[in-house]
Amino acid sequence: MNVSTNTYQRPLTRVIQRIGDAAGKAGRDPSDIRLVAVSKTVAADRLRQAVLAGVETVGENYIQEARNKFSELGDLPVQWHFIGHLQRNKAKYAVRIFDLIHSVDSVRLADEINHQAERINKTQPILVQVNLAGEPTKSGVAPEAVEQLVRHIGTLPCLSLQGLMTMPPFFNAPEKVRPYFKQLRLLRDRMRKLDIPNIDMNELSMGMTGDFETAVEEGATLVRIGTAIFGARK
Ligand SMILES: *Cc1c(COP(=O)(O)O)cnc(C)c1O
């Protein structure tokens, strides 16, 4: 297909450029930051175009929606990340599709993902989602409970913990979210120092369309961006 007619070429290039600029400002290597193109509500044909335009990782929020798209697009050379709230009874589908699950926030969910991964002989990469502001409407484990969950995950043979994820309050107000991004980085650094066996603590999944540059400045390694690539959702 002719790249110049691809709707997503321009917004994608722009987002990648902005990530690069933010990395430069913070003295970071842009290649340490992965763009997760958040494609919830984006139909399979549009998502295919985005992948042809250069998207290498897609982020999905809903299992059924992701299953439908995966059945159509599973042939594409793209990584699939799960970023939504995962119900335990959907873990069996999640392990079949996703290269990284960002949203593990309880011992019971970790146990179930481990169990389902074991059944298909997989080691499932995951992140622990942290609810930094204690917002009741958001998923995520409280910061004080992260260490306990991380230690538990370290004992589960079919999980590979890679880092932390957060969705702070005040998205679209970058300077207001900066303290939360910083807090997640400090928490990650603290967990890393504990040297818990069988876990890695390199990834920080934080930053969306309204605040990803701030997240990159504060150490994000995965930025989850929907609107800036696909336009506003209905
Ligand atoms: C929808 C969503 C995003 C992307 O949001 P945009 O503002 O459209 O970039 C990122 N992370 C999560 C968890 C989401 O649900």
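Below, all heavy atoms of this structure are taken into account, side chains as well, without hydrogens, waters or symmetry copies. Each ligand, and each atom within it, is numbered from 1 in the order the structure gives.
Among M208, K40, M167, the residue whose heavy atom lies nearest to atom 14 (C) of ligand 1 is K40.
Contact atoms of ligand 1 toward T209: 6 (P), 7 (O), 8 (O), 9 (O) (distance under 4.0 Å to a heavy atom of the residue). Less than 4.0 angstrom separates some heavy atom of I83 from each of these atoms of ligand 1: 11 (N), 12 (C), 13 (C), 14 (C). For ligand 1, the atoms closer than 4.0 angstrom to any heavy atom of N61 are 14 (C), 15 (O). In the vicinity of T227, heavy-atom distances shorter than 4.0 Å reach the ligand 1 atoms 6 (P), 7 (O), 8 (O), 9 (O). For ligand 1, the atoms closer than 4.0 angstrom to any heavy atom of R224 are 4 (C), 9 (O), 10 (C), 11 (N), 12 (C), 13 (C). Per-residue contacts place I225 under 4.0 angstrom from the following atoms of ligand 1 (heavy atoms of the residue considered): 9 (O).
For E203, the side-chain hydrogen bond (donor to acceptor under 3.5 Å, both in side chains) partners at least two apart in sequence or on another chain are R34, T221. Not counting sequence neighbours, the partners of S139 by the side-chain hydrogen bond (donor to acceptor under 3.5 Å, both in side chains) test are H85.
Between R178 and E217 there is a salt bridge, since a side-chain N of the basic residue sits under 4.0 Å from a carboxylate O of the acidic one.
Considering backbone and side-chain atoms alike, G226 places an N or O below 3.5 Å from some N or O of ligand 1.
Heavy-atom separations between R233 and ligand 1 include at least one value shorter than 4.0 Å.
Looking at every heavy atom in both residues, M165 comes nearest to L184 through C-CD2, 4.0 Å.
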- Message: Evaluate K40 against E65 for salt bridge (charged side-chain N to carboxylate O under 4.0 Å, His left out), listing each step before the verdict.
- Response: CA-CA 8 Å; K40 61 180 173 240; E65 185 183 339; over 6 Å; no

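For the residue pair Q129 and T166, no side-chain donor N or O sits within less than 3.5 Å of a side-chain acceptor on the partner.
For the ring-ring contact (aromatic ring centres under 6.0 Å, His included) with F70, the qualifying choice from F98, W80, Y93 is W80, the only one to do so.
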